[in-house]
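As the structure lists them, so they are numbered: ligands from 1, and atoms in each ligand from 1. Only a predicted model underlies this, so the values are computations on that prediction, with no experimental measurement involved.
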Amino acid sequence: MRNAKKLIPAALLAALTLVMAQQESGVVLGNYAQGTLGNVLQPAPVQESGGSTYRVGAWPLYTPDLPDGPGKDLVLSYCQVCHSVTYIPMQPPLPAATWEAEVNKMIKTFGAQIPEDAAKQIVAYLQAHFTPETRKQ
Ligand code: HEC
């Protein structure tokens, strides 16, 4: 009995030493078994018959008409060089200063070739139709 009492702490110490040695050597203990992976219930795949057909709707190419007004022609000629003008009504109503910054970004950051005078008229057009105060639709 005496020996057994000494044996238990010695065994614990040995186990602890082993764990610490493994940690020092970079070994991380853990359970890496797959567990329930693959056992998750899933619906059975639909069995298709050989003659299935399916329909896909038309690709949405709709570009809304921009409101009429001075500067619209300039927008249509300069702003569609790189992307559709859908980008304009797609934005939420933006403050006037933001539209000015937006046009400047197209010119300075993305390299849009827009003469200064035309850029001013484009900004005025955008501000006249696409700010929270001026946007109608
Ligand atoms: C030189 C190419 C070019 C031209 C010209 C151009 N844009 Fe852009 N525009 C971009 C690029 C690049 C992006 C950002 C990438 C994307 O979303 O396709 C962009 C994005 C936008 C966006 C989305 C918001 C944003 O900042 O990303 C708006 C609005 C926009 N352009 C408005 C205009 C207007 C108004 C004009 C005419 C003054 C214009 N663009 C002309 C290249 C151009």
If you scan protein heavy atoms around atom 30 (C) of ligand 1, the nearest is M106 CE, 3.5 Å
In short, P95 meets P132 closest at the heavy-atom pair N-CD, 4.0 Å
Note: M90, heavy atoms under 4.0 Å from ligand 1, region reported as neither
For atom 8 (Fe) of ligand 1, the nearest N/O/S atom on H83 is atom NE2
Right, does atom 15 (C) of ligand 1 have protein non-hydrogen atoms nearer than 4.0 Å? no
Practice item. Answer yes or no: is there a donor N or O on one side and an acceptor on the other, between the side chain of T131 and the main chain of P93, under 3.5 Å? Key: no
*asked:* Please determine whether residues Y78 and M106 belong to a single hydrophobic cluster, defined as Ile, Leu, Val, Met, Phe, Trp and Tyr linked transitively by side-chain heavy-atom distances below 4.5 Å.
replied: no
Taking it one step at a time, do F130 and L94 satisfy side chain to side chain contact (heavy atoms under 4.5 Å, CB included)? CA-CA 6 Å; F130 295 98; L94 298 174; over 6 Å; no
shortest atom 5 (C) of ligand 1-to-protein heavy-atom contact is with A112 CB, 3.3 Å
heavy-atom search around atom 4 (C) of ligand 1 in the protein gives C82 SG, 3.3 Å
Do L76 and V123 belong together in a cluster built from hydrophobic side chains that touch within less than 4.5 Å? yes
The closest protein heavy-atom partner of atom 18 (O) of ligand 1 is Y87 OH, 2.8 Å
The protein heavy atom nearest to atom 25 (C) of ligand 1 is E102 OE2, 3.1 Å
Atom 35 (C) of ligand 1: closest protein heavy atom, distance to 0.1 Å, is C79 SG, 3.6 Å
the protein heavy atom lying closest to atom 27 (O) of ligand 1 turns out to be K105 NZ, 3.7 Å
One finds that the ligand 1 atoms under 4.0 Å from a non-hydrogen atom of Y78 are 5 (C)
Under 4.0 Å between heavy atoms, the region of V75 that gets near ligand 1 turns out to be neither
Ligand 1 atoms nearer than 4.0 angstrom to some heavy atom of I114 are 38 (C)
In I122, V85, L66, the residue satisfying side-chain contact (heavy atoms from CB on, under 4.5 Å) with K72 is L66
### Message
Pairing donors with acceptors under 3.5 angstrom, does anything connect the side chains of Q121 and D117?
### Response
yes
The protein heavy atom nearest to atom 13 (C) of ligand 1 is F110 CE1, 3.4 Å
Please report whether ligand 1 has a polar contact with Q91, defined as an N or O pair separated by less than 3.5 Å (distance criterion only). no
Q. How are the rings of H83 and Y87 set relative to one another: parallel (under 30°), tilted (30 to 60°) or perpendicular (over 60°)?
A. parallel
